[in-house]
Amino acid sequence: MTSTFGKGCHLHLIDGSAYIFRAYHALPPLTRKSDGLPVGAVAGFCNILWNELTKDKGSDAATHIAVVFDHSSKTFRNEIYPLYKAQRPEPPEDLRPQFPLTRTATKAFNIACLELENFEADDIIATLARQAREAGGRVTIISSDKDLMQLVGGGVEMLDPMKNRKIGPDEVFEKFGVGPDKVVDVQALSGDSVDNVPGAPGIGPKTAALLIQEFGDVETLLERAHEIPQQKRRESLIENAEQVRISKRLVQLDDQVALDFGLETLELQAPDATKLMDFLNEMEFRTLTRRVADKLGVAPPEAPALTETAEAAPETPVLPFDHTAYQAVRDMGALNQWIAEIYEAGYVAFDSETTSLNEMLAEIVGISLCVTPGKACYIPVGHKTGGDDLFGGSALAPDQLPLDQVLAALKPLLEDPSILKIGQNLKYDAKIFARQGVRIAPIDDTMLMSYAMHGGIHNHGMDELSDRYLNHQPIPIKTLIGSGKTQVTFDKVAIDEAVKYAAEDADVTLRLWQKFKPMLHRAKVTTVYETLERPLIPVLMDMEMAGIQVDRDTLSRMSNAFAQKMAGLEAEVQEVAGQPFNVGSPKQLGEILFDVLKVPGGEKGKTGAYGTGADILEDVTTLEDTHPQGAKLAALVLDWRQLAKLKSTYTDALQEHINRDTGRVHTSYSISGAVTGRLASTDPNLQNIPVRSEEGRRIREAFVAPKGRVLVSLDYSQIELRILAHIADIPALKQAFRDGHDIHAMTASEMFNVPLDQMTSDVRRQAKAINFGVIYGISGFGLARNLRIPRAEAQGFIDRYFERFPGIKDYMTATVKGAQERGYVETLFGRKIHTPDINAKGPGQGFAKRAAINAPIQGTAADVIRRAMVRMPGAIAGLDAKMLLQVHDELLFEVAEEDVEKLIPIAKEVMEGASDPAVKLSVKLEVEAGRGQTWAAAH
DNA sequence: GGAGTCACG
DNA sequence: GACGTACGTGACTCCG
């Protein structure tokens, strides 16, 4: 069978160990049903292998393939340097038993499974890649590990499996600033904290790349180190020369490993169907077993009879999706039969098709229902005939029940408290039905169930959930309505096509619900779902439908004023620049500023463009003395940009959002959009209306109350700092809040030993930045940049802060540790925020750590205001008042003048007591109130 | 469609 | 001792 490996052959090398960790962290925990053995990582690993074997890669298809593993943690590198990879955390408890299983899996797929004592997987990969290259073949290394990048070139390339992106010499250069042949030199200098490669202290990747570009390689550099002008670099290199040499030996892969097999033995072979099916079946991977069985054309083995334990999920029969089985309901007889079935079942999955994503404008085109997996119907009510006639095809297509008749028949059912309505993003459908006078209740929402269980792991759109949990890819909407300019509305879709698509959505939703229902309980997030997600739907519906009155004339006048000012500024900009260019183009601006005018300090980012953000331009404006032309230009552009932003995003775009019928602006809140539990506002975003700048704040004058009514704003004072004080248990902070002190001034006083009555605004400002920094997972670099002070000074501040408030440091350490062990962090109310990147290596881990520190604080604050919002309608029911907007720590109400005095204390009490009784906070929450005819005045 | 920029908490 | 850095969002404009 085997032939020699040579020209025309293509070897795929899979970095197996990396895959296991990725699969483990990327996927929700999964255990084998029969005995509870953790198998999540094995399942993910098998899926990856199967995809690798079956996906069509055209000319990149493998002829030879192998999976390479690390044998153990000790390798020859530990003899060179005992600390190498010494600080690797132990793998999690439930991952360890899965390591041997992945080997078994690889063999079951009939793929060569390689590992060698004393060597890392990377060395074996290096050796095989060299052999293949020398034999004239091609190699694809499936990994995104930067340690492998030194191998790229000469027929060897890498493939990042997550991004599906090829990594060739250009990408390596982009990453390291040098070609593949110099990667080890750069790594030797910069070191690697994750692997404990020491490198030269004080030299990071950027400096390392510069040095290697100049000197060629590590050895030359070390010999000529005395020529380096920068004192720090020079000294570090001279002092640490030996350490750098060791580092190079650590990062240099060994491509001469003695292997006792030839490349030809890695030839790609079809898996042995029986062996593979046996393994998958033993692992109890139902869906993958079925997929593999389909593909190999063998019968799936009978599922072993499972002993039903108390908490095991009721078996969901795996039933293929069949679009031809869906029914079009075109007469009342059929509809009534469906209604009877729904009453019989007690629940129904439900979805609507409409003409718009904007619920305030959308018209119902059809409704789909599903009670049993695989059996669903679609009721067309608003489909139009083809667009052939002169009037744009506006005639109704034949054989459709009239909308009002369908609504009349469904209304009792949709409002029946004994019938559960299940949807995916039900707020959308519920709003549309509410406009037709139907209040859908009670409800379950699969999107929110997923959010409660898996926030932070993946998004919660139906296509993604279906793919992940049902292994099924629903018909993409684009195949029906197209995209871009030629996109049509759903009413133009032929009914036959619509039935397949729409009924499938209800079918998918029902299956997801059946799957999620028991999962929710096992993930211990039922309370979160029941108290923080689901009850928010009707509350947000009412807020969104109420909308807020926005005065078009005010916006329009401001827009004109902005346009005039911008034109003036633009002319000035061109004059200072000495040539015309597009002020709105950062690329052109950067070139004018740093290339043409030669302003010093221009820095190009990864895309090769100069950065021209506000902070950079602000720095340029300080060059008044040395470069007046650049300073002037930067100042003008900053002004221009502020106006451009205000005009395009606010004064212009906001007018487009004023609803024709209501004369008001209706935002849409996304409940599951932000991982921390915050809401997100879209179309338009009313959570980022300007307030910080004088000029911008005037936009809020356009947000008004109608005659006889008032806008009332209530916002939590320092809620995140208060929550931090409670969670981290900081007595000094708590006391300050109890005493009603200015918290930033108090911090400053503690830190700098300045009495409160001698506090300067500048010292207070610095303390405030530190307080916020703590909430964000502070770092010396970040604080230094924010305050524009030297890094060492910033670090000094942080050290002193931790000294004064030791609990903060403990909180941060404990939170990160918890995230690393469990894969998630929690809010005080039990919301889980998953942190899949927390054990990643590289800079991603830094991000993940800071996010993990921030999430319980931001998330708890988000939970608090959610609780207040859920209780608010009941509390203010007797008043002529409506809750209109939420801006993270603020609620905005519209109230009849005569009820203002009643509303404020009631709403305040609800907000201040929102954590009770679930959580007893050791810090009081305080709410401040404002009122006025406009939002500007109320704030 | 991604990157850059900037508005908010 | 240092990786590269503030946390969380959405909308608009340019440009390939």
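All values below come from the heavy atoms of this structure, side chains included, with hydrogens, waters and symmetry mates left out. Chain letters run A, B, ... following the sequence lines, proteins first, then strands; residues in each count from 1.
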Next item on the list: Taking only heavy atoms on the protein side, list every residue of residues 784-791 of chain A lying under 4.0 Å from any atom of DNA chain C, sorted numerically.
Entry: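 Listed by number, they are A:Arg785, A:Asn786, A:Arg791.
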Notebook entry, point to check: Which residues in residues 579-589 of chain A have at least one heavy atom lying under 4.0 Å from any atom of DNA chain C?
Noted result: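 A:Asn582, A:Gly584, A:Ser585, A:Lys587, A:Gln588 - these, ordered by number, are the residues of the stretch whose heavy atoms sit under 4.0 Å from the strand.
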How close or far is atom [atom2] of [N] from atom [atom1] of [X], stated in whole angstroms?
X	N	atom1	atom2	answer
A:Asn685	B:dA7	CG	P	13 Å
A:Tyr610	B:dT5	OH	P	14 Å
A:Tyr716	B:dC8	OH	P	23 Å
A:Ile616	B:dT5	CD1	P	7 Å
A:Tyr669	B:dC8	OH	P	16 Å

What nucleic acid atoms does [X] come within less than 4.0 Å of, heavy atoms only: base, sugar-phosphate, or nothing?
X	result
A:Gly191	nothing
A:Leu654	nothing
A:Asp192	nothing
A:Pro205	sugar-phosphate
A:Gly696	nothing
A:Ile778	base
A:Leu783	base
A:Ser190	nothing
A:Phe772	nothing
A:Gly846	nothing

Pair [X] + [Y]: basic N to acidic O under 4.0 Å:
X	Y	value
A:Arg678	A:Glu720	yes
A:Lys565	A:Asp639	no
A:Glu793	A:Arg788	no

Note to self: Using heavy-atom distances to pick each residue's nearest nucleotide on DNA chain C, tell me which of A:Tyr650 and A:Gly204 is more 5'.
What the structure shows: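 Here A:Gly204 is the residue nearer the 5' end.
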Margin query: Assuming nearest nucleotide by heavy-atom distance, tell me which of A:Thr676 and A:Ala653 is located more 5' along DNA chain C.
Written below: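 That would be A:Thr676.
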Checklist line | Whole-angstrom distance between B:dT5 and C:dC3, as gauged at atom P | finding: 25 Å
Next item on the list: For C:dA6 versus B:dC6, give the span between their P atoms, rounded off to a whole number of Å.
Entry: 15 Å
Check: Among A:Val599, A:Leu633, A:Val637, A:Thr612, which residue meets the side chain to side chain contact (heavy atoms under 4.5 Å, CB included) test with A:Val620?
Finding: A:Val599
Note to self: My understanding is that only one of A:Asn854, A:Val825, A:Ile727, A:Thr835 makes a side chain to side chain contact (heavy atoms under 4.5 Å, CB included) with A:Thr815; could you say which?
What the structure shows: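 It is A:Val825; the other options fail the test.
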Checklist line | Paired and unpaired positions of DNA chain C as dot-bracket, Watson-Crick or G-U wobble under 3.5 Å, | denoting a partner strand | finding: ......|||||||||.
Check whether the side chains of [X] and [Y] place a donor and an acceptor atom closer than 3.5 Å, and report yes or no.
X	Y	result
A:His666	A:Asn659	no
A:Asp683	A:Ser668	no
A:Ser681	A:Thr667	yes

Please answer whether the main-chain N or O of [Y] pairs with a side-chain N or O of [X] as donor and acceptor at a distance below 3.5 Å.
X	Y	answer
A:Asp837	A:Ala840	no
A:Asp185	A:Val218	yes
A:Tyr811	A:Ile853	yes
A:Gln243	A:Gly199	yes

Notebook entry, point to check: Counting only non-hydrogen atoms, which of residues 639-649 of chain A are less than 4.0 Å from DNA chain B?
Noted result: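 When residues 639-649 of chain A is checked for heavy atoms under 4.0 Å from DNA chain B, the hits, listed by number, are A:Arg641, A:Gln642, A:Lys645.
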Note to self: Test of understanding: with side chain to side chain contact (heavy atoms under 4.5 Å, CB included), list the residues that count as partners of A:Lys849, not counting sequence neighbours.
What the structure shows: A:Val816, A:Gln820, A:Ile838, A:Gln845
Margin query: Would you call the rings of A:Phe703 and A:Trp935 parallel, tilted or perpendicular, taking 30° and 60° as the class edges?
Written below: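 The arrangement is perpendicular - the two ring planes meet at more than 60°.
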Next item on the list: For the residue pair A:His454 and A:His834, categorise the inter-ring angle as parallel (less than 30°), tilted (30 to 60°) or perpendicular (more than 60°).
Entry: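 Ring orientation, 0 to 90° scale: tilted.
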Checklist line | Positional range of nucleotides in DNA chain C within the contact set of chain A, heavy-atom, under 4.0 Å | finding: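 With heavy atoms of chain A under 4.0 Å away, the range is C:dG1 to C:dG16.
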Note to self: Could you check whether A:Arg850 makes a cation-pi contact with A:Phe847, meaning its NZ or CZ is under 6.0 Å from the centre of the six-membered ring and within 45° of the ring axis?
What the structure shows: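 Judged by the rule (NZ or CZ under 6.0 Å from the ring centre, within 45° of its axis), A:Arg850 counts as positioned above A:Phe847.
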Margin query: Both conditions, 6.0 Å and 45 degrees, for the charged tip of A:Lys604 above the ring of A:Tyr610: are they met here?
Written below: yes
Notebook entry, point to check: Can you check whether A:Phe797 and A:Tyr801 have ring centres sitting under 6.0 Å from each other?
Noted result: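 Here the rings of A:Tyr801 and A:Phe797 have centres that are no less than 6.0 Å from each other.
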